Amino acid sequence: MANESGAATNGSGRPYSGFNGQYISGAWRPGKQGGIREDTDPYSGDTLAETVLANVDDLDEAYRSAAKAQIGWAALLPSERAAVMLRSAAIMEARRQEIIGWLIRESGSTRFKAELEWQFLHSITLEAASFPHRAEGRILPIDETGKESRAYRQPLGVIGVISPWNFPMYLSHRSIGPALALGNGVVVKPAEDTPVTGGLLIARIYEEAGLPPGLLNVVIGDVKEIGDAFTLHPIPRLISFTGSTKVGRHIGQLAMSGPQMKRVALELGGNAPCVILDDADVEHAVRATVIGRYLHQGQICMSTNRIIVDAKVYDEFVDRFTAHVKGLKYGNPSDPAVAIGPVINKKQLAAHLAHIEGARAAGARQVVGGDPEGQVLPPHVFVDVTNDMQVAQDEMFGPIAPIIKVDGEAEALRVANDTQYGLSSAVFTRDQERGVRFALGVHAGMTHVNDHSVDDTSTGPFGGEKNSGIGRFGGEWILHEFTRDHWITVQHSRPAYPF
Ligand code: NAD
């Protein structure tokens with residue numbers, strides 16, 4: 001079956017196809033702006049889809065549609081909403097290889113990363129399926145005679161989701177899934193490089209799972225056309241943004257400045273320090289740090305951006321780290337043996353090459369490197385880096401590892417905290433409680449003792465401090481973020497008012 005825009009409909013178990021437009025008001029159709037954007041495989045350069053872009057009228061229709069459908073959706077029984085979430089999870093299971101294939105082709109994920117992203121995606125869907133039965137209100141004590149005080153937990157209404165390209169499906173869905181489960185409508189704007197995995201594929205899954213049409217909408221357009229309008233629109237009550245600090249700051253300002261103030265949840269950039277203390281198990285620290293730095297070519301907000309090593313173990317760490325990195329295979333991301341695939345686009349590649357030049361010019365010593373092959377940048381390692389160098393201070397979204405030598409724990413902590421960011425971090429020591437004490441001193445939302453900095457879970461508080469953002473994902477934290485408390489009192493007596 002095909003609809004009028006030529007998009008294949010689903011429900012047949014066949015691979016999803018026909019990703020050439022928008023998903024608005026329950027219809028698969030081209031956008032009204034009319035321009036076409038090519039969606040390409042960052043490794044092969046093949047065209048995966050051509051999207052006909054949306055304009056502000058499409059965006060307006062999407063928000064109105066979400067608002068209209070939300071009323072009936074929120075009124076359903078919790079078990080009815082949970083059932084849709086569980087069916088979505090089952091479809092994700094049935095289509096696991098199809099989803100992984102899309103993540104490899106569209107976002108340049110290595111097979112390992114794509115499998116990890118699928119796990120995150122599936123896990124948050126199951127967690128979200130529990131939310132309809134966990135969104136509890138409370139009856140509160142109150143110091144007023146004859147009066148009852150209640151806090152009702154209500155959906156927000158409509159939530160706008162803006163997501164990046166690096167973990168596109170998971171980072172869109174960690175907002176979409178909980179938002180829907182809690183009775184909200186959603187409009188999502190995926191990143192330019194990942195319209196399918198960041199939005200359209202998710203919409204297909206929900207369509208097949210029986211989500212009411214119009215509740216979830218995917219709008220794909222130019223930021224110049226629909227970017228600011230997405231946040232300024234009066235319908236969404238919260239904008240859930242995941243992306244760079246620069247754009248997140250702009251979204252936060254817009255959310256306060258429009259005719260209708262709204263909440264924001266901002267998950268922004270990072271510059272994770274990974275600290276190797278003098279009593280660390282160096283071999284374990286090396287293996288973990290290699291993953292923390294090079295997983296998905298370093299294009300993760302939690303990626304280990306700075307490796308900070310105590311002078312007592314510095315030489316041993318550098319020797320082992322360098323030897324390990326030299327053995328990493330890079331190239332075609334669909335090859336299961338490949339650790340490092342392509343970076344997402346030519347602009348990102350140019351930024352990485354500029355950082356490499358900058359590090360050399362600043363006096364950092366390059367011990368591993370190589371020229372790019374297409375969009376595949378071989379792993380780079382710089383030693384003798386100081387924390388004031390740009391290669392240490394900037395968020396480096398590529399396979400480049402700066403190693404910094406420090407003298408003792410106090411200096412390690414000072415250097416770790418000397419950054420505008422505060423998302424993830426890691427510390428290695430054989431003394432676990434020393435690790436926890438150190439972790440408590442790190443100005444970050446997340447610190448992992450004896451593991452690398454890239455971790456996420458559907459049940460824990462995920463989020464950043466400082467310029468890494470505002471808000472928390474996961475478990476009860478996102479449950480509260482995507483609902484509102486409505487305080488309602490009932491006066492059972494007739495108080496003696498003074499006038
Ligand atoms: P980006 O900020 O350039 O883009 C993110 C999204 O914002 C995209 O969908 C983009 O189209 C959109 N956008 C840009 N300008 C906009 C505007 N004016 N109005 C509305 N939308 C707009 O980020 P990116 O390059 O896609 O992703 C990389 C960044 O994301 C890194 O800084 C990374 O650390 C961060 N990130 C953070 C987390 C987290 O959980 N904290 C997770 C992943 C990525």
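Computed from a predicted model, the values in this text were never measured in an experiment. In each ligand, atom 1 is the first atom listed, and ligand 1 is the first ligand listed.
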Q: Kindly tell me which protein residues have any non-hydrogen atom under 4.0 angstrom away from an atom of ligand 1, grouped by chain and ordered by number?
A: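 Correct list: Ile162, Ser163, Pro164, Trp165, Asn166, Leu171, Arg174, Lys189, Pro190, Ala191, Glu192, Val223, Gly227, Asp228, Phe241, Thr242, Gly243, Ser244, Val247, His250, Ile251, Glu267, Leu268, Gly269, Gly270, Cys301, Glu395, Phe397, Leu423, Phe462.
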Q: Just say parallel, tilted or perpendicular for the rings of Phe120 and Tyr170, cut-offs at 30° and 60°.
A: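 The rings of Phe120 and Tyr170 sit tilted, inter-plane angle from 30° to 60°.
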Q: Can you list everything that forms a side chain to side chain donor-acceptor pair (under 3.5 Å) with Asp39? Sequence neighbours excluded, please.
A: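 Per chain and number, Asp39 pairs via side chain to side chain donor-acceptor pair (under 3.5 Å) with no residue.
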Q: How would you list, by chain and number, every residue that makes a side chain to side chain donor-acceptor pair (under 3.5 Å) with Asn387, sequence neighbours excluded?
A: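 Scan of Asn387 (side chain to side chain donor-acceptor pair (under 3.5 Å), adjacent residues dropped) gives Arg306, Asp418.
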Q: Does a salt bridge link Glu476 with Arg134, judged by any charged N lying under 4.0 Å from a carboxylate O?
A: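 Answer for the salt bridge query: no.
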Q: Who passes side chain to side chain contact (heavy atoms under 4.5 Å, CB included) against Gln366, sequence neighbours left out?
A: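 So Gln366 forms a side chain to side chain contact (heavy atoms under 4.5 Å, CB included) with Ile356, Arg360, His380, Phe382.
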Q: Using the rule ring-ring contact (aromatic ring centres under 6.0 Å, His included), only one of Tyr206, Phe167, Trp118 pairs with His173; which is it?
A: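 Only one of Tyr206, Phe167, Trp118 forms a ring-ring contact (aromatic ring centres under 6.0 Å, His included) with His173, namely Tyr206.
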